[in-house]
Amino acid sequence: MPINFNGDNWGGLSQAAQRRKAKDPRHSLMYRVEAAAIGWANNIGHSKFDGLPLGRILVDERGKEPSRQVLDKAIRKAKELGLIEPESNSRCLVVSRRIFQRGGRGSYTCQEHGISRSLGGAA
């Protein structure tokens with residue numbers, strides 16, 4: 001049965017598979033940023049990284065974290081390409097409502113962006 005969201009047919013993605021992709025240095029860093037955003041997205045599309053800094057997730061093949069400049073550039077490029085929302089930063093990546101139907105893992109809150117929701121409640 002097809003998934004219909006905002007009038008478009010959708011397919012589903014495994015958040016676990018997206019977390020694995022984010023950690024895989026064979027992929028381009030900006031797309032790993034997008035994969036991290038989707039893989040760790042909570043119920044409102046905001047990504048908490050289970051207590052890890054984003055740089056520890058995006059290590060290269062030698063296990064080295066990207067520099068702050070390299071990480072910021074990858075986030076900026078992901079924003080420019082519309083892979084993540086403009087309010088994203090290295091502490092919280094935000095998945096676009098155009099590509100992610102809300103209902104990820106975990107909470108309905110985001111401390112970084114000041115969002116506190118009860119189940120089914122408004123911001």
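In the hydrophobic cluster analysis, where Ile, Leu, Val, Met, Phe, Trp and Tyr join through side-chain heavy atoms closer than 4.5 angstrom, Y31 is grouped apart from V33. Hydrophobic clustering (side-chain heavy atoms under 4.5 Å, transitive across Ile, Leu, Val, Met, Phe, Trp, Tyr) keeps I57 apart from V59.
Among R91, H46, E85, the one residue that satisfies the side-chain contact (heavy atoms from CB on, under 4.5 Å) test with H113 is H46.
Q15 contributes a side-chain N or O that, together with a main-chain N or O of A41, makes up a donor-acceptor pair within less than 3.5 Å. Using modelled atom types, one side-chain atom of S47 and one backbone atom of L93 make a donor-acceptor pair closer than 3.5 Å. Side-chain N or O atoms of Q18 include none that pairs as donor or acceptor with a backbone N or O of W40 at under 3.5 Å. When atom types are taken as modelled, the side chain of S67 and the backbone of V70 share a donor-acceptor pair closer than 3.5 angstrom. Here the side chain of K48 pairs no donor or acceptor atom with the backbone of N42 at under 3.5 angstrom.
Distance CG/L58 to NE2/H27: 12.0 Å, rounded to 0.5 Å. The CD1 atom of I84 lies 9.0 Å from the CG atom of N89; values are rounded to the nearest 0.5 Å. For the atom pair R76 CZ and L71 CG, the distance stands at 10.0 Å (nearest 0.5 Å). Expressed to the nearest 0.5 Å, how far NZ of K21 lies from CD1 of I38 amounts to 7.5 Å. Distance check: R26 CZ to E61 CD gives 11.0 Å after rounding to the nearest 0.5 Å. Here F49 contributes atom CZ and C92 contributes atom SG; the two are 7.0 Å apart, rounded to the nearest 0.5 Å.
In this structure the side chain of R68 reaches within 4.5 angstrom of the side chain of S90, judged on heavy atoms.
The minimum heavy-atom distance between A35 and A22, with the atom names listed, is CB-N, 3.8 Å.
Within 6.0 Å of the CD atom in Q111, the count of heavy atoms belonging to other residues, nucleotides or ligands does not exceed 12.
With 3.5 Å as the limit, one finds no donor-acceptor pair spanning the side chains of S14 and R20.
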